[in-house]
Amino acid sequence: MEENNNKKPQAIVEVIEFGPLKISGNFIIKDLKRNKEESPGEIWLCRCGKSNNKPYCDDSHKK
Amino acid sequence: MEKDENHFSGGKRYRNKDITVYWKPSACVHASYCYRELIEVFDPSRRPWVDMEGASTEKIIEVVNLCPTDALAWKWNDEEKNQDVRADQYNHIKFRRPGLMQDKNSVIEETPVSVKVMIDGPVVLKGDFELTYGTTKKVVSDGMISICRCGVSDHQPFCDGRHRKTGFNG
């Protein structure tokens, strides 16, 4: 195993229990439906299907 | 070499007069490009779900090339055509032949993770990242996963394709 290989994790992806998907780090998000592309550094994506601000979480899962 | 006309290791194959399409269900992340773009050929509710007579060879190749995983691949039936590597690159042939696809040096060190929000479907993550869910924590290296966005998958947190049946709009 090489110490310095090119497989260094670029982002942290965290599935929050009963909550959204948190992604932070070096990533590019492409939203095919809304035709948007950005690299915001940190996002929370809706996993429950109820958000009014898809693909982002708006805390609707708590209702 | 070929034990069975319709099967290869872990999957099935479908032919028309020009090409063979390879289908490997275990590699599918339900990105759903295939049936959205060409339901005449790729219809998950039909058996067999691939109808090679449903569109032109050119159109089938175009849509198979959209598949972000190895689940769908294709190859010319004329082996001589497959020998031409330059034609392969031109046609973006995705049938993974050793030597053609294993150029790991071409991976750039700081490649951002690709996060694709699919139309009315899952979010597909591709690249090098650390993933935690429940008590599981793992490093995904040059890999791909598909996370459910509709909330109804039976295989949480991953997509199992159920959004198609429930008509998820997101």
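Each chain gets a letter, A, B and so on, in the order its sequence line appears, and its residues count up from 1.
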Got a sec: does the NZ of B/Lys138 have more than 12 other heavy atoms crowding it under 6.0 Å?
no

Which residue out of A/Gly25, A/Ser51, A/Ser39, A/Gly49 racks up the most heavy-atom pairs below 4.5 Å with chain B?
A/Gly49

Give the minimum heavy-atom separation between B/Thr111 and A/Gln10, together with the two atoms involved.
O-CG, 3.1 Å

Do the side chains of A/Ile43 and B/Val140 join up, straight or via other hydrophobic residues, at under 4.5 Å, putting them in one cluster?
yes

Taken to the nearest 0.5 Å, the spacing of B/Asn169 CG from A/Lys54 NZ works out to 6.5 Å

According to a hydrophobic-cluster definition based on side-chain heavy atoms being under 4.5 Å apart (Ile, Leu, Val, Met, Phe, Trp, Tyr only), do B/Val29 and B/Val152 belong together?
no

dist B/Lys116:NZ -> A/Glu37:CD (nearest 0.5 Å) comes out at 9.5 Å

Please state whether the side chain, the backbone, both or neither of A/Glu14 comes within less than 4.5 Å of a heavy atom of chain B.
both

Applying side chain to side chain contact (heavy atoms under 4.5 Å, CB included), run through A/Val15 and B/Thr132 and close with a yes or a no.
CA-CA 6 Å; A/Val15 177; B/Thr132 57; over 6 Å; no

A quick test of your reading: do over 12 heavy atoms of other residues, nucleotides or ligands sit less than 6.0 Å from CG of A/Asn35?
no

Name the one of B/Val123, B/Val115, B/Val113 that satisfies side-chain contact (heavy atoms from CB on, under 4.5 Å) with A/Ile29?
B/Val115

If you round to the nearest 0.5 Å, how far is CG of A/Leu32 from OH of B/Tyr33?
4.5 Å

Consider only side-chain heavy atoms of I, L, V, M, F, W and Y, link residues closer than 4.5 Å, and tell whether B/Phe168 and B/Met118 are in one cluster.
no

Would you give the length of the straight line joining atom SG of B/Cys150 to atom NZ of A/Lys50, rounded to the nearest 0.5 angstrom?
12.0 Å

Among the listed options A/Ile12, A/Asp31, A/Ile23, A/Ile28, the residue most often paired with chain B at heavy-atom distances under 4.5 Å
A/Ile28

Can you measure from SG (A/Cys57) to CZ (B/Arg149) and round to the nearest 0.5 angstrom?
12.5 Å

I'd like to know whether A/Lys8 forms a side chain to side chain contact (heavy atoms under 4.5 Å, CB included) with B/Asp128, so could you lay out the CA-CA distance, the side-chain angles of the two residues, the decisive distance to 0.1 Å, and finally the verdict.
CA-CA 7 Å; A/Lys8 195 169 71 178; B/Asp128 304 305; over 6 Å; no

Checking heavy atoms, do the side chain of B/Ile147, its backbone, both or neither come under 4.5 Å from chain A?
side chain

According to a 4.5 Å side-chain heavy-atom criterion applied to Ile, Leu, Val, Met, Phe, Trp and Tyr, with indirect links allowed, do B/Leu38 and B/Ile19 form part of one hydrophobic cluster?
yes

Considering only heavy atoms, which portion of A/Leu21 lies under 4.5 Å from any heavy atom of chain B: side chain, backbone, both, or neither?
side chain

Would you call B/Asp120-A/Lys33 a salt bridge at under 4.0 Å N-O?
yes

Nearest heavy-atom neighbours spanning A/Arg34 and B/Val117:
NH2-CG1, 4.3 Å

What one should report as the nearest heavy-atom pair of B/Pro112 and A/Phe27 is CB-CA, 4.0 Å

Between A/Ile16 and chain B, which part of the residue has a heavy atom less than 4.5 Å away: side chain, backbone, both or neither?
neither

Are B/Val139 and B/Ile145 connected in a single hydrophobic cluster, I mean Ile/Leu/Val/Met/Phe/Trp/Tyr linked by side-chain heavy atoms less than 4.5 Å apart?
no

